[in-house]
**Student:** 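The structure under discussion is supplied below as structure tokens; questions concerning it will follow.
Here, residue 1 is the first one in the sequence, and each next residue gets the next number. All values below come from the heavy atoms of this structure, side chains included, with hydrogens, waters and symmetry mates left out.
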Amino acid sequence: MRRLDIDFEGELNPDQLAAVTSPCDRPALVLAGAGSGKTRTLTYRVAWLISECGLSPREIMLLTFTNKAASQMLARICALTGREAREFWGGTFHSLGNRFLRIEAEAAGLSPNFTILDSDDSESLIKASASEIFPSYFADKDNPRPKLLRDIISYARNTRSAVRDAMADRFSWLESPYGDIEEIAEYYAEKKRAANSCDFDDLLELWYVLLRDNPEILQKYSERFKNILVDEYQDTNKLQSDILDMLASHGRISAVGDDAQCIYSWRGAEIGNILEFRDRYPAAHIYKIERNYRSTPQILAFANSILAEMDSDEAYRKTLVPARGGFEKPFVIRAMDGVSQARRVCDAISELVSAGRCSYSDIAVLYRSHFQAMDMQLQLQQRSIPFAITSGLKFFEQAHVKDVVAQLKFAANPRDSVSFMRFARFLPKVGEKTAAKIFFKIAETAKKRGIGEVEALSHRDVLAKVPSAARGAFALMAADLSKISKSLDAMKAAGATARPPAAPAQADFFDEMISDGGGAEAAQPPGPAAVPPSGPKEAVRLACSGWYRDAMKTAYEDWEDRCQDFDSLFEYASRFAGMEDFLANVTLEISEAESSQPADSSDRVRLMTVHQAKGLEFPVVFLISAADGLFPTKRSIDDGDVDEERRLFYVAATRAMDYLVISYPRVSVVGGNYEMREPSRFLQGVDPSLYTVSE
């Protein structure tokens, strides 16, 4: 095969060139720091294998994690080599697994025309499987709902662990017997095979099993793919790494990744895959790419300092070196609370845009968890600053927030059938029609017995309409709604019709909490922290706990993260003295969010979690809520394992190109109570000379 007309030495820096031109017959681990040209290195490596090692495109396997990344990478390779994309075995792990199984369908016990179940299809089939084996399975409130069942089974398969171990590792709060879930998983697998269908996990698991159990098939593909390249290797899980180890038993593998950006253990990514690469491939050589083309020297000095305290093998240590000039040091904003933080970030955004330093679309506001973005959303809305949320729905549009608000609406107005129908769906065996019948009976019983609708919830006539499997949960729900209703009655009796106290009382509140007086902000109204003696906050607290909180545990894998949203909801409720005002404003916030965005969505501030921001870059990055207990999370601190949180903090900092601003509140709400906050331990570990503090 003819050599390609590419000036490798002229088009690559020395680190990239060393990785690209590494021996074709030896394993290589390329540690590519953030913004160092990882994709460029990979594409030129493919070109080198074709031009200098004599490989044909069909002898190269290229794996990555997203369809977008795969498409971009193949497009660059084709432009560089002049070859067509169809000549390469390139794509995501799942797309190549699908391609493999189509070819080897008979050996896998499939027909080549097998269908692939999407997430909804998979969830429906798991639900049907569970119901067929255990007819009353979902009547037990301790058993996981179908989506969570799917998540448990998927996690076990991708980590190649038993369901029992997967539950202990990732779903320890569940009380459901693991033996039942194992039976459901087995029956679910049988139903898929009978239907000649696969879910996404099958595309990997069946690929692995075929290679493991059929030496002749393994040999065929191992001999065919003379070199295997893997992008984002730090994100591989146990199943993916085992597939790679079998295919690359010849040792001709180039793994490209960054252990400092391994942030997906919660979905099965195994950092040991990259840290133990040399154990599995003793002949491997490690190449480091440390020249960063993205960020200013000041931002990189800050980012390097974040990782300085992390214990790591010297062979893996990297120091990002700037390839461009600088602007300013990162800024750190010390805010009083979430509202103050949002105001000051919005002030900074407005100043940057009005000064012509950037446009709205150049700006990203990052946070550890979605619940931390509520005040930012509200403040951006009030300022008419266009924004888009890429990490999920707007705060008040989230399902669990709407569920809680629906309970409050029903307690305030028991004739609200829409609200009742919304939260009643969490009851076992209660669908739309059954919920409608129960609601009609509530109204009928209240009128007939001369009692209120909330009181009627516990009447025997109403309970008789509730499916037997749901009566226990219904009784708990009725008791909680009764407590909420009594809380509203007490609030009205107290005459709570005024707005929260004025600034002097608010300043007194913080002066007592902050020993140093709180600086200039202590004299300013800190918003939600000024809690009136009575108001909707107690009703909100009741609605966020009790039966609904328990129901979430079996409905959502991320139920703990969702529960953190309730702290934000409680804080928001604290700004109102009456339930009517609170509920009206919630509705108005949703309405304004829907109508306030311009038709042209291109020029907007982006709001997203740090996890969502990985792989992206922005001229301006604001990292908010960088306080201990928020980032790193309280859970990671309690578990004594904050290494992944540190890596995530590093990822956040390295998204910034020109400006990096980090902020944290000194007071926030936890479980309905106000707590003092310290700056993130990761921020405290950075040399103070590397950033500028803004009080």
Side-chain angles (χ1 to χ4, degrees), residues 1-64 69-70 72-85 87-88 90 225-233 248 251-261 274 277-278 281 283-297 300 304 315-325 615 617 654 657:
M1 185 171 292
R2 68 180 180 84
R3 298 179 64 179
L4 300 175
D5 185 20
I6 299 174
D7 180 8
F8 289 96
E9 291 188 10
E11 297 181 27
L12 300 168
N13 70 38
D15 289 346
Q16 293 170 338
L17 182 65
V20 165
T21 61
S22 64
C24 304
D25 58 351
R26 281 183 54 184
L29 175 61
V30 181
L31 298 175
S36 63
K38 169 178 64 67
T39 302
R40 185 177 186 82
T41 302
L42 262 172
T43 55
Y44 274 80
R45 173 63 173 171
V46 173
W48 176 268
L49 292 174
I50 293 173
S51 177
E52 307 301 320
C53 300
L55 271 63
S56 70
R58 68 180 301 276
E59 295 175 317
I60 299 170
M61 177 181 282
L62 178 64
L63 296 119
T64 188
Q72 291 176 343
M73 197 168 297
L74 284 171
R76 293 190 190 186
I77 289 171
C78 293
L80 189 62
T81 64
R83 310 305 293 259
E84 295 184 21
E87 297 182 69
F88 296 89
F225 297 114
K226 294 182 169 53
N227 215 287
I228 297 172
L229 295 93
V230 192
D231 186 23
E232 303 287 7
Y233 188 73
R252 295 185 295 276
I253 181 173
S254 298
V256 182
D258 183 3
D259 55 299
Q261 296 188 70
I274 192 168
F277 187 82
R278 288 179 301 173
Y281 299 95
H285 184 80
I286 293 180
Y287 299 87
K288 296 181 185 180
I289 305 176
E290 299 172 293
R291 181 166 293 278
N292 177 285
Y293 294 89
R294 175 185 299 154
S295 307
T296 66
L300 293 184
N304 287 329
Y316 284 76
R317 282 192 174 275
K318 295 176 294 299
T319 300
L320 297 178
V321 178
R324 49 166 297 194
E617 60 185 26
T654 53
M657 300 167 66

**Student:** Report the distance from atom CG of Leu29 to atom OH of Tyr233, rounding to the nearest 0.5 Å.
**Tutor:** 8.0 Å
**Student:** Should Trp48 and Leu12 count as side-chain neighbours, where that means a heavy-atom distance under 4.5 Å?
**Tutor:** no
**Student:** Would you check if the side chain of Arg278 reaches a backbone N or O of Ala284 as a donor-acceptor pair within less than 3.5 Å?
**Tutor:** no
**Student:** Side-chain contact test, heavy atoms from C-beta onward, threshold under 4.5 Å: evaluate it for Glu52 versus Thr21 and give yes or no.
**Tutor:** no
**Student:** Please give me the minimum heavy-atom distance between Met657 and Arg324, naming the atom from each residue.
**Tutor:** O-NH1, 3.1 Å
**Student:** Do any N or O atoms from the side chain of Thr81 and from the backbone of Ile77 form a donor-acceptor pair under 3.5 angstrom?
**Tutor:** yes
**Student:** Shortest non-hydrogen contact from Phe225 to Ile60?
**Tutor:** CD2-C, 4.0 Å
**Student:** With heavy-atom distances below 4.5 Å as the criterion, would you say the side chains of Ile289 and Lys38 are in contact?
**Tutor:** no
**Student:** Please examine the side chains of Gln72 and Thr39, heavy atoms only from C-beta on, and report whether any two atoms are closer than 4.5 Å.
**Tutor:** no
**Student:** So, the side chain of Tyr316 versus the backbone of Leu31: is there a donor-acceptor pair under 3.5 Å, distance only?
**Tutor:** no
**Student:** Yes or no on side chain to side chain contact (heavy atoms under 4.5 Å, CB included) for Phe277 and Ile286, after CA distance, side-chain angles and deciding distance?
**Tutor:** CA-CA 10 Å; Phe277 187 82; Ile286 293 180; over 6 Å; no
**Student:** Starting at CZ of Arg40, measure out to CZ of Arg76 and round the result to the nearest 0.5 Å.
**Tutor:** 8.5 Å
**Student:** Quick check against the 3.5 Å criterion: does Glu290 have a side-chain atom that pairs as donor or acceptor with the backbone of Thr319?
**Tutor:** yes
**Student:** How many angstroms lie between atom CD1 of Ile253 and atom CD1 of Ile228, to the nearest 0.5 angstrom?
**Tutor:** 6.0 Å
**Student:** What's the shortest heavy-atom distance between Arg83 and Glu87, and which atoms?
**Tutor:** NH2-OE1, 2.7 Å
**Student:** Tell me, do Leu42 and Thr64 make a side-chain contact under 4.5 Å, heavy atoms counted?
**Tutor:** no
**Student:** Please report the interatomic distance CZ(Phe8) to CG(Leu17), rounded to the nearest 0.5 Å.
**Tutor:** 9.0 Å
**Student:** Go through the steps to decide whether Phe88 and Leu74 satisfy the test side chain to side chain contact (heavy atoms under 4.5 Å, CB included), and finish with yes or no.
**Tutor:** CA-CA 8 Å; Phe88 296 89; Leu74 284 171; 4.2 Å; yes
**Student:** Any side-chain heavy atom of Glu59 within less than 4.5 Å of one from Asn227?
**Tutor:** no
**Student:** With heavy-atom distances below 4.5 Å as the criterion, would you say the side chains of Val256 and Leu229 are in contact?
**Tutor:** no
**Student:** Testing the basics here: between Ile50 and Pro57, what is the closest heavy-atom pair and its distance to 0.1 Å?
**Tutor:** CD1-CG, 4.2 Å
**Student:** Measure across Leu49 and Cys24 and return the closest heavy-atom pair with its distance rounded to 0.1 Å.
**Tutor:** CD2-SG, 3.9 Å
**Student:** Could you check whether any side-chain N or O of Gln16 sits under 3.5 Å from a backbone N or O of Glu11, counting only pairs where one atom can act as donor and the other as acceptor?
**Tutor:** no
**Student:** Taking all atoms of both residues into account, what is the closest heavy-atom pair of Ala19 and Thr41, and its distance?
**Tutor:** CB-CG2, 4.0 Å
**Student:** Compare all side-chain heavy atoms of Lys318 with those of Asp259 and state whether any distance is below 4.5 angstrom.
**Tutor:** yes
**Student:** Report the distance from atom CE of Met73 to atom OG1 of Thr43, rounding to the nearest 0.5 Å.
**Tutor:** 7.5 Å
**Student:** Checking Arg45 side chain against Ser22 main chain: does a donor-acceptor pair fall under 3.5 Å?
**Tutor:** yes
**Student:** For the backbone of Gly33 and the side chain of Asn292, can you confirm whether one donor and one acceptor N or O come within less than 3.5 Å of each other?
**Tutor:** no
**Student:** Short question: side chain of Arg294, backbone of Thr654 - any donor-acceptor pair under 3.5 Å?
**Tutor:** yes
**Student:** Quick one: CZ on Arg291 to CG on Leu320, what's the gap to the nearest 0.5 Å?
**Tutor:** 11.0 Å
